[in-house]
Amino acid sequence: MRTVFISDLHLTEKRPDLTQALFSFIDRECINSDTPTSALYILGDFFEAWIGDDISSPLTEKVKAHLKTITDAKIDLYIMHGNRDFLIGQSFCNDIGAQLIKDGTIIHLDEKPVVLMHGDTLCTQDVQYLAFRDVVRNPSWQHDFLSKPISERLNIAQELRRKSQESAADKSEYIMDIDQRAVEETLSASRCSILIHGHTHRPAVHPLTNPEGGCRYVLGDWDKYGWMIVANDANIKLSKFQITPL
Ligand code: LP5
Ligand code: MN
């Protein structure tokens with residue numbers, strides 16, 4: 001049995017090729033994989049933006065129907081929030097039979113503990129972002145936001161994207177990358193030596209220099225290529241595949 005991880009698909013109506021690539025991926029890597037797949041983990045930023053489970057569009061309905069084929073095939077489906085889709089709620093997950101998992105969830109692969117994260121909280125130098133994150137992850141703030149009419153929520157989300165792009169232009173690559181100390185602290189607090197995350201769009205396998213050894217696996221965003229990690233017994237492998245333009 002194998003376990004599969006993806007993140008940062010950033011699904012949007014503007015990129016039908018990504019949605020198509022997801023559907024092929026589900027068929028090829030989950031439902032009809034040569035070695036049976038027991039679980040798929042989506043580690044955040046599955047959607048480009050998510051402003052509430054009450055939003056329904058041709059994209060959301062198609063995606064939900066395909067995700068449901070995974071759980072209908074008795075493959076466990078786990079979803080973690082990213083910084084774009086942290087408003088995915090229980091209702092969305094119930095519709096497709098998925099389980100929402102917390103950032104920092106620990107799982108076991110071949111009996112080894114592995115910590116799973118989106119990755120944004122590891123960018124500890126990005127203090128502006130972390131302050132913003134504290135505000136929007138507050139449950140009462142989220143309740144207020146979700147009570148607003150859809151058109152208003154859409155406007156706010158668009159304004160935020162604009163502000164985020166503007167502020168990214170002023171931030172160095174260093175500020176927006178993972179802080180090594182945060183990685184070490186996370187691994188030591190969770191007593192794990194393996195970390196899998198996304199967010200930075202810098203796919204790589206980083207061997208760690210701590211005395212216990214270990215590794216940080218970074219998933220890439222889906223654009224020209226899709227990225228996945230497949231764990232098969234003790235073997236964990238990051239790979240990419242071409243996304244066919246439509
Ligand atoms: O997303 P990405 O990778 O481009 O940049 C992130 C950080 N930015 C964000 C913001 C999102 O892009 C916004 C989109 C959310 C869509 C759904 C929202 C639904 C709820 C609405 C919530 C209000 O996450 C970016 C990081 C970067 O990753 C790298 O790690 O740097 O962080 C920022 O850009 C944050 C800024 O530094 C500070 C933002 C100030 C915004 C002020 C908000 C005022 C309130 C406006 C409401 C009208
Ligand atoms: Mn992200």
Side-chain angles (χ1 to χ4, degrees), residues 5-15 18 41-57 59-60 63 79-89 91-92 100-104 116-183 186 195-204 216-223 226-227 229:
F5 304 84
I6 54 175
S7 75
D8 300 274
L9 280 72
H10 292 267
L11 297 179
T12 160
E13 275 87 0
K14 292 185 191 139
R15 292 288 305 268
L18 299 182
Y41 286 84
I42 301 175
L43 300 183
D45 288 359
F46 181 60
F47 290 107
E48 174 76 348
W50 191 257
I51 57 168
D53 290 359
D54 54 337
I55 309 284
S56 169
S57 70
L59 173 76
T60 62
V63 168
I79 299 183
M80 182 179 283
H81 286 151
N83 54 298
R84 303 290 194 90
D85 55 9
F86 57 87
L87 289 173
I88 289 179
S91 155
F92 176 84
L100 205 50
I101 53 167
K102 287 204 165 69
D103 206 282
L116 307 178
M117 302 179 87
H118 177 56
D120 52 337
T121 56
L122 297 168
C123 301
T124 49
Q125 303 101 319
D126 196 346
V127 288
Q128 265 187 329
Y129 167 69
L130 291 175
F132 162 77
R133 188 182 191 279
D134 276 351
V135 173
V136 297
R137 298 299 179 103
N138 178 304
S140 78
W141 186 94
Q142 293 190 355
H143 178 79
D144 278 359
F145 179 80
L146 292 170
S147 312
K148 294 182 193 298
I150 293 175
S151 58
E152 197 178 331
R153 280 184 260 161
L154 268 173
N155 286 339
I156 294 174
Q158 272 163 9
E159 177 60 13
L160 270 172
R161 284 296 305 128
R162 205 186 53 73
K163 281 193 166 23
S164 178
Q165 278 158 351
E166 213 175 78
S167 91
D170 291 339
K171 290 178 192 170
S172 66
E173 288 296 305
Y174 166 75
I175 282 186
M176 290 191 288
D177 201 2
I178 301 297
D179 178 4
Q180 197 52 37
R181 261 180 317 180
V183 171
T186 301
L195 167 62
I196 300 179
H197 70 84
H199 180 64
T200 57
H201 302 187
R202 301 175 198 202
R216 174 166 73 92
Y217 295 85
V218 190
L219 285 156
D221 60 313
W222 288 28
D223 188 11
W227 292 86
I229 286 172

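Start at 1 and go down the list; that is how both ligands and their atoms are numbered. Values below: all heavy atoms of this structure, side chains included; hydrogens, waters and symmetry mates excluded.
Centred on the Mn ion (ligand 2), the OD1 atom of Asn83 and the ND1 atom of His199 lie at an angle of 90°, reported to 10°.
Proximity of atom 7 (C) of ligand 1 to the protein is indicated by at least one non-hydrogen atom lying closer than 4.0 angstrom. Per-atom contact check: atom 25 (C) of ligand 1 touches the protein, criterion being a heavy-atom distance below 4.0 Å.
Only side-chain heavy atoms of His199 come within less than 4.0 Å of ligand 1; its backbone N, CA, C and O stay farther off. Contact annotation: for Thr200 versus ligand 1, there are no heavy atoms closer than 4.0 Å. At a heavy-atom distance under 4.0 Å, no atom of Gln165 approaches ligand 1. Under 4.0 angstrom from ligand 1, there are no non-hydrogen atoms of Phe47. Within the 4.0 Å heavy-atom criterion, the part of Ser167 lying near ligand 1 is the side chain and not the backbone. Counting heavy atoms closer than 4.0 Å to ligand 1, residue Phe145 contributes side-chain atoms (C-beta onward) but none from N, CA, C or O.
Those atoms of ligand 1 that come under 4.0 Å of a heavy atom in Trp50, given as number and element, are 19 (C). Listed by atom number, the atoms of ligand 1 under 4.0 Å from Lys163 heavy atoms are 41 (C), 42 (C).
Considering backbone and side-chain atoms alike, Trp141 places every N or O at 3.5 Å or more from each N or O of ligand 1. Distances between N or O atoms of Ser164 and those of ligand 1 include at least one value under 3.5 Å. Inclusion of Glu48 in the set of residues having an N or O under 3.5 Å from an N or O of ligand 1 is not warranted.
Here Asp45 meets the criterion, with an N, O or S atom under 2.8 Å of the Mn ion (ligand 2).
We find that Lys163 and Glu166 are not joined by a salt bridge, their nearest charged nitrogen and carboxylate oxygen being 4.0 Å or further apart.
Shortest contact from atom 12 (O) of ligand 1 to any protein heavy atom: Arg161 NH1, 2.7 Å. Closest to atom 48 (C) of ligand 1 among all protein heavy atoms lies Ile156 CG2, 3.8 Å.
Atom CD in Gln128 sits 5.5 Å away from atom OG in Ser167 (nearest 0.5 Å).
No side-chain donor-acceptor contact under 3.5 Å links His10 and Asp221.
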